[in-house]
2 protein chains.
Amino acid sequence: MNVDTALDIQKTAHVLKLLGDKTRLTMMKLLQSHDCCVCEFTALFAMSQPAISQHLRKMKDAGIVQETRRGQWIFYSMNPDSEYAALIEDLLQHLPDQHERFVELEAQGLRISCE
Amino acid sequence: MNVDTALDIQKTAHVLKLLGDKTRLTMMKLLQSHDCCVCEFTALFAMSQPAISQHLRKMKDAGIVQETRRGQWIFYSMNPDSEYAALIEDLLQHLPDQHERFVELEAQGLRISCE
DNA sequence: TTTTTATATAAGCATATAGTTATATAATGA
DNA sequence: TCATTATATAACTATATGCTTATATAAAAA
């Protein structure tokens, strides 16, 4: 790896620690296919809404996700401008597609609640 | 990613959590270039020998490193047979080369102590 | 304006983590 | 055999983490 583009080890360790959580790693994999609002995540994980918000907050603080308000909802997406974007894409490629989970969500009518 | 080769998210999160520590991540980057014994790591990090052993133990338990005894010393290396080997190689490529640290070690005469 | 819905923050708690020091084990060499 | 060197394990401690419930904020709808 070129020195110019190499990442700082300490900061990278911090990002990997964030991704080293089942919930956050799954969130990132979901975000790889499309943006998601908090209520969708809350429906996808057996976990309280504050827990979801706190996970998103940590990833936002690290600059790896970004938020966009759309009316009542706040949508999260991967931040393509993060210096970790390439690394994250590389590692997410090793993980199974999570599209099925959205299908289930839609079947439950929970997907639409945020559109 | 092909379903056949995709990794389990939960287990991957565990591996990423292990790499989400500055010391362990640096260790893996060092191991990417060559094997290392405990005493070399101990010289490289401002940290006690038990701390080093405990970090290595965790990575060995996860199957991402392996140990080989060579007489008095135990050398650690990346485990190429781990199902996470490819993922780990991918992410280590984003990190700066650590060769310089071995040069310093050698200059201090600490490198030879394990050969 | 009041109520509802979506999200964030605060406070608290149980568990996990990363280090320490002390000690055990195992191989080497005198 | 005994001392030395390399490594591992045990016990402990301080801090970090991930959740919970309660509450605050902000936009939309009535």
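These figures come from a predicted structure and were not determined experimentally. Reckoned from all heavy atoms, side chains included, excluding hydrogens, waters and symmetry mates. In what follows, chains are A, B, ... by sequence order, proteins preceding strands, each numbered from 1.
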What's the [atom1]-[atom2] distance between [X] and [N], to the nearest Å?
| X | N | atom1 | atom2 | result |
| --- | --- | --- | --- | --- |
| A:D35 | C:dT7 | CG | P | 13 Å |
| A:I74 | C:dA8 | CD1 | C1' | 8 Å |
| B:Q49 | D:dT9 | CD | C1' | 10 Å |
| A:M27 | D:dG18 | CE | P | 12 Å |
| B:F75 | C:dA27 | CZ | P | 16 Å |
| B:F41 | C:dG19 | CZ | P | 14 Å |
| A:E40 | C:dT5 | CD | P | 18 Å |
| B:Q72 | C:dA27 | CD | P | 11 Å |

Does [X] make a side-chain N or O approach to OP1 or OP2 of [N] shorter than 4.0 Å?
| X | N | answer |
| --- | --- | --- |
| A:S53 | C:dT7 | no |
| B:S48 | C:dT20 | yes |
| A:Y76 | C:dA6 | no |

Just to verify, what does [X] make a side-chain hydrogen bond (donor to acceptor under 3.5 Å, both in side chains) with, not counting sequence neighbours?
| X | answer |
| --- | --- |
| B:E89 | B:Q32 |
| B:R70 | B:D35 |
| A:T26 | none |
| A:Q49 | A:S53 |

Exercise for the section: Give, ordered by number, those residues of residues 54-70 of chain A having at least one heavy-atom distance below 4.0 Å to an atom of DNA chain C; if nothing qualifies, reply none. Expected result: A:Q54, A:R57, A:E67
Exercise for the section: Could you list by number each residue of residues 8-22 of chain B showing a heavy-atom separation from DNA chain C of less than 4.0 Å, or answer none if no residue does? Expected result: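 Under 4.0 Å from DNA chain C: B:K17, B:D21.
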Problem - Sugar-phosphate, base or nothing in reach of B:F45, heavy atoms under 4.0 Å - result: nothing
Name the atoms and distances for all side-chain donor-acceptor pairs under 3.5 Å in residues 75-86 of chain A, with sequence neighbours left out.
unit_1: A:Y76; atom_1: OH; unit_2: A:E67; atom_2: OE1; d: 2.9
unit_1: A:S77; atom_1: OG; unit_2: A:Q66; atom_2: NE2; d: 3.3
unit_1: A:N79; atom_1: OD1; unit_2: A:D81; atom_2: N; d: 2.9
unit_1: A:N79; atom_1: ND2; unit_2: A:G63; atom_2: O; d: 3.0
unit_1: A:S82; atom_1: OG; unit_2: A:Y84; atom_2: N; d: 2.9

Practice task
Not counting sequence neighbours, list each pair that qualifies as a salt bridge (charged side-chain N to carboxylate O under 4.0 Å, His left out) and has a residue in residues 47-58 of chain B.
Solution key: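 For residues 47-58 of chain B: B:R57-B:D61.
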Problem - Nucleotide nearest B:P50 when distance is taken to its side chain, options C:dT9, C:dT21, C:dG19 - result: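 The nucleotide sitting nearest to the side chain is C:dT21.
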Practice task
Output the single nucleotide from C:dT7, D:dA10, C:dT28 whose closest atom is nearest the side chain of A:C37.
Solution key: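 Shortest atom-to-atom distance from the side chain points to C:dT7.
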Problem - Any side-chain heavy-atom pair of B:L30 and B:F102 under 4.5 Å - result: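 Yes - at least one pair of side-chain heavy atoms lies under 4.5 Å apart.
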Exercise for the section: Scan residues 8-22 of chain A for pairs that pass side-chain hydrogen bond (donor to acceptor under 3.5 Å, both in side chains), counting only residues two or more places apart or in two chains. Expected result: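 Found none.
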Practice task
Taking A:R24 for its side chain and A:H55 for its backbone only, find out whether a donor-acceptor pair lies under 3.5 Å.
Solution key: no
